[in-house]
Amino acid sequence: MTLSNAARKGRTLLVGLMALSLAACGFNSVPTKQEAAKAKWADVEANFQRRANLVPNLAAVARGAAEQEKEILTGVTEARAKATSIQISGDDLGDPAKMEQFSQAQSQLSAGLGRLMASFEAYPDIKSNENYRMLQSQLEGTENRIAVSIRDYNAAVQDYNTEVRTFPSMIGAQLRGADPLVPYKATTPNADVAPSLEGKL
């Protein structure tokens with residue numbers, strides 16, 4: 001074997017070892033997990049948008065059958081406008097302030113919808129309305145989709161954040177400038193306090 005053949009084989013071996021070391025330090029896995037988390041966030045946004053799209057139809061049914069609930073309808077409409085005006089891009093997933101702002105807007109819409117649905121219970125003519133029942137069913141399904149997509153997003157964020165914070169993947173994460181992402185947290189007021197059932201049973 002000549003010296004040049006040995007040098008070529010040595011270089012090839014060195015390049016192969018370097019590629020393996022880069023793969024082992026998360027150089028490829030970090031962006032893969034980051035993109036997976038961004039895709040899950042897109043699912044969250046799609047389900048929030050689905051809910052926002054249902055609100056005008058629900059409000060129209062309510063407006064026709066319960067004129068006295070204008071204040072609740074106005075609140076829901078305003079909450080929907082605010083919730084749809086706050087957009088989070090994949091680049092914002094690492095910004096806790098933007099994630100908090102988005103979460104608060106969505107929580108305000110959830111609270112308004114809860115009040116609207118509760119007010120419907122007082123009006124039998126609304127409950128018997130086929131449109132109302134269909135919209136209520138779609139809204140309940142959408143809320144379930146939102147819960148599942150948030151759970152999936154948070155699992156992807158946990159996987160990604162673990163990847164960028166553990167050795168040896170943290171080396172590749174630092175080389176790429178990858179920062180941890182922010183999980184979605186609901187901001188429903190007093191969610192940590194059990195509701196009182198006194199006088200409701």
Side-chain angles (χ1 to χ4, degrees), residues 33-160 181-191 195:
K33 290 179 187 282
Q34 184 180 49
E35 290 305 315
K38 287 180 180 181
K40 296 295 182 187
W41 178 252
D43 293 342
V44 171
E45 287 186 313
N47 284 313
F48 278 131
Q49 185 61 51
R50 175 184 165 88
R51 179 176 70 177
N53 292 345
L54 286 172
V55 168
N57 296 329
L58 193 60
V61 170
R63 190 175 296 114
E67 195 63 34
Q68 56 271 47
E69 298 301 324
K70 281 185 178 178
E71 184 179 327
I72 294 174
L73 283 171
T74 302
V76 168
T77 304
E78 289 172 358
R80 176 193 180 269
K82 183 174 181 183
T84 56
S85 71
I86 299 172
Q87 300 296 317
I88 300 286
S89 71
D91 296 332
D92 298 328
L93 296 178
D95 186 340
K98 286 185 180 178
M99 292 294 285
E100 175 72 17
Q101 184 183 22
F102 182 87
S103 177
Q104 285 180 353
Q106 293 300 330
S107 292
Q108 286 175 354
L109 180 54
S110 293
L113 285 171
R115 285 191 301 276
L116 182 62
M117 298 302 273
S119 75
F120 283 170
E121 295 300 317
Y123 301 102
D125 57 325
I126 297 178
K127 287 192 290 184
S128 66
N129 182 317
E130 189 62 37
N131 290 336
Y132 166 71
R133 286 199 303 249
M134 179 195 60
L135 287 168
Q136 182 183 33
S137 174
Q138 286 186 17
L139 195 57
E140 288 168 354
T142 300
E143 292 299 322
N144 289 335
R145 285 186 181 96
I146 289 170
V148 169
S149 61
I150 288 172
R151 183 195 65 206
D152 291 348
Y153 167 72
N154 283 344
V157 166
Q158 180 185 10
D159 188 38
Y160 168 78
L181 299 177
V182 180
Y184 185 85
K185 294 178 185 166
T187 58
T188 304
N190 301 319

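Nothing fancy with the numbering, it's 1 onward along the sequence. Only this structure's heavy atoms are used, side chains among them; waters, hydrogens and symmetry mates stay out. Just so we're clear, the structure is a prediction, and the values are computed from it rather than from any experiment.
Judged as a side chain to side chain contact (heavy atoms under 4.5 Å, CB included), and not counting sequence neighbours, the contacts of Glu78 are Thr74. Residues satisfying the side chain to side chain donor-acceptor pair (under 3.5 Å) criterion with Ser103, sequence neighbours excluded, are absent altogether. Every residue two or more places apart in sequence or in another chain that forms a side chain to side chain contact (heavy atoms under 4.5 Å, CB included) with Gln158 is listed here: Thr162. Evaluation of the ring-ring contact (aromatic ring centres under 6.0 Å, His included) rule for Tyr153 yields Trp41 as partners, not counting sequence neighbours. For Asp152, there are no side chain to side chain donor-acceptor pair (under 3.5 Å) partners two or more places apart in sequence or in a different chain. Residues passing the salt bridge (charged side-chain N to carboxylate O under 4.0 Å, His left out) test with Lys40: none are found, sequence neighbours excluded. Scored by the salt bridge (charged side-chain N to carboxylate O under 4.0 Å, His left out) test, Asp95 finds no partners at all (sequence neighbours excluded). Listed by chain and number, the residues in a side chain to side chain contact (heavy atoms under 4.5 Å, CB included) with Arg51 are Phe48, Gln106, Leu109, Ser110, Leu113, Leu139, Thr142, Glu143, Ile146 (sequence neighbours excluded). Partners of Gln101 by side chain to side chain donor-acceptor pair (under 3.5 Å), not counting sequence neighbours: none found. Partners of Lys38 by side chain to side chain contact (heavy atoms under 4.5 Å, CB included), not counting sequence neighbours, listed by chain and number: Gln34, Glu35, Asp91, Leu93. Here Asp92 pairs with Ser89, Lys98 under the side chain to side chain donor-acceptor pair (under 3.5 Å) rule; sequence neighbours left out.
The line from CD of Gln138 to CZ of Arg145 is 8.5 Å long, rounded to the nearest 0.5 Å. The CZ atom of Phe102 sits 12.5 Å away from atom NZ of Lys82, with the distance rounded to the nearest 0.5 Å. A distance of 11.5 Å separates CG of Leu54 from CD of Glu140, quoted to the nearest 0.5 Å.
Checking Gln104 against Glu100 by side-chain atom types alone, a donor-acceptor pair falls below 3.5 Å.
Contact detail for Asn47 and Ser149: the closest heavy-atom pair is ND2-OG, 3.3 Å.
Under the ring pair (Phe, Tyr, Trp, His ring centres under 6.0 Å) criterion, no residue pair touches residues 75-96, with sequence neighbours excluded.
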